[in-house]
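The chains referred to below are lettered A, B, ... by the order of the sequence lines, with proteins before strands, and numbering in each begins at 1.
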Protein chains: 2
Amino acid sequence: MSGFKSDQYGTCTLTVKHACPIELTMHIIGGKWKGIILSLLSQSPMYYNAIRREIPGITQRILTLQLRDLEKDGIIKREETNDTPKKVLYYLTALGEDLAPILKSIEKWGNAYMSNQ
Amino acid sequence: MSGFKSDQYGTCTLTVKHACPIELTMHIIGGKWKGIILSLLSQSPMYYNAIRREIPGITQRILTLQLRDLEKDGIIKREETNDTPKKVLYYLTALGEDLAPILKSIEKWGNAYMSNQ
DNA sequence: CGGTATCCAAGTCGATACTG
DNA sequence: CAGTATCGACTTGGATACCG
């Protein structure tokens, strides 16, 4: 359905054909850690290591990959400081902000689901 | 993070550890076609073949797999008729109904995203 | 501090053919 | 009509080590 070429560093949405808007959105926020990353950033901008500390279990490689994906898809912005060593701040774009309430409701449903078991 | 056993027919949520409610929800609705399936069923109950007709490009095997997953996770119900040949009706559970507005907003965001490109 | 490079395992989907 | 069975391919995530 999506006969696309992806590279080593995740899939660039622009090269992926998504006839369906639901499929498109799910592809953008559907990475294993993207939901948590976005819900963290929806509270405030964060530096790389701060995000990492908040997500125990994620490796550097994977965190970087997911951040790159989100950046490519226009959901977050990346900003380096001039310090040495440099720090990198991540924060939501306007597009990303629009996702926040959706993530919230997803989280709420998940919580309800869990207490239902 | 989720050290689980999955079988040939998809993953049973009950055996998967999801510390995070977002991750849990994404895992339940994150299959490639689950969003579309759920948004179809949110309009009305449908027979297997009707669903299949509405989703060109999905194979029987994959449709069945995704339906099984959704059933296992308590999102949809499966009901056979007594006809010959039998027909199978699928419809949302209460839990599934609660997902409908979320899917709607996901679809809306996806549409806004697409016109933004 | 914030990454890359390699290599590997698991998950997920698809094509195709066949069945009660 | 509504599935199963087999097999193969691609995608995604993870372990580990190293770098400017």
Side-chain angles (χ1 to χ4, degrees), chain A residues 1-13 15-16 18 23 26-37 46-72 76 78-90, chain B residues 1-13 15-18 23 26-37 46-71 76 78-90:
Chain A
M1 204 52 183
S2 50
F4 57 88
K5 270 255 145 217
S6 76
D7 58 31
Q8 172 82 314
Y9 289 92
T11 46
C12 176
T13 300
T15 64
V16 183
H18 286 283
E23 205 183 324
M26 296 304 294
H27 188 253
I28 292 177
I29 66 174
K32 178 158 180 190
W33 309 95
K34 287 179 188 169
I36 302 101
I37 293 172
M46 292 177 93
Y47 289 105
Y48 182 89
N49 262 355
I51 301 175
R52 205 181 155 203
R53 269 192 306 273
E54 292 296 323
I55 311 180
I58 199 171
T59 63
Q60 287 191 314
R61 182 180 121 86
I62 298 302
L63 177 53
T64 301
L65 284 180
Q66 308 262 305
L67 288 170
R68 291 283 185 276
D69 279 354
L70 293 170
E71 193 192 358
K72 267 194 264 194
I76 64 174
R78 198 190 100 105
E79 220 167 76
E80 303 188 7
T81 68
N82 290 327
D83 308 333
T84 15
K86 77 177 178 209
K87 302 174 79 173
V88 179
L89 188 67
Y90 289 96
Chain B
M1 204 52 177
S2 50
F4 57 88
K5 271 252 146 218
S6 77
D7 57 30
Q8 172 81 315
Y9 289 92
T11 46
C12 176
T13 300
T15 64
V16 183
K17 286 199 191 157
H18 286 284
E23 204 183 325
M26 295 305 292
H27 188 252
I28 292 177
I29 66 175
K32 178 159 180 189
W33 308 96
K34 287 179 189 171
I36 302 102
I37 294 173
M46 291 176 93
Y47 289 106
Y48 182 89
N49 262 356
I51 302 175
R52 205 183 155 201
R53 267 192 307 273
E54 292 295 323
I55 311 182
I58 198 169
T59 63
Q60 286 191 314
R61 182 181 120 87
I62 297 301
L63 177 53
T64 301
L65 285 181
Q66 309 261 304
L67 289 170
R68 291 282 184 277
D69 278 354
L70 292 171
E71 193 192 358
I76 65 173
R78 197 189 99 104
E79 220 167 75
E80 304 188 7
T81 68
N82 289 327
D83 308 333
T84 14
K86 79 179 176 206
K87 302 175 80 173
V88 180
L89 188 65
Y90 289 96

Counting just side-chain N and O atoms, does [X] come under 4.0 Å of either OP1 or OP2 of [N]?
X: Q66(A); N: dG13(D); result: yes
X: H27(A); N: dT12(C); result: no
X: Q60(A); N: dC18(D); result: no
X: Y90(B); N: dG3(D); result: yes
X: K32(A); N: dG14(D); result: yes
X: R68(A); N: dT4(C); result: yes

Listed nucleotide nearest any side-chain atom of [X], set [options]:
X: R61(A); options: dG2(C), dG3(D), dG14(D); result: dG14(D)
X: R78(B); options: dG3(C), dG14(C), dG3(D); result: dG3(D)
X: K86(B); options: dA2(D), dG14(D), dG2(C); result: dA2(D)
X: T59(B); options: dA15(C), dG2(C), dG3(D); result: dA15(C)
X: N49(A); options: dA2(D), dG2(C), dG3(D); result: dG2(C)

In the structure I gave you, are the side-chain heavy atoms of I58(B) and K32(B) within less than 4.5 Å of one another anywhere?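 A side-chain contact under 4.5 Å is absent here.
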If you define the side chain from C-beta out and look only at heavy atoms, does anything of R61(B) sit under 4.5 Å from L65(B)?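 Yes, their side chains come closer than 4.5 Å.
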Starting at atom CG of D69(B), determine the distance to atom P of dG3(D), rounded to an integer number of angstrom.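 Answer to the nearest Å: 14 Å.
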Atom-to-atom span, CE of M26(B) to P of dG11(C) - whole angstrom: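 Distance check: M26(B) CE to dG11(C) P gives 18 Å.
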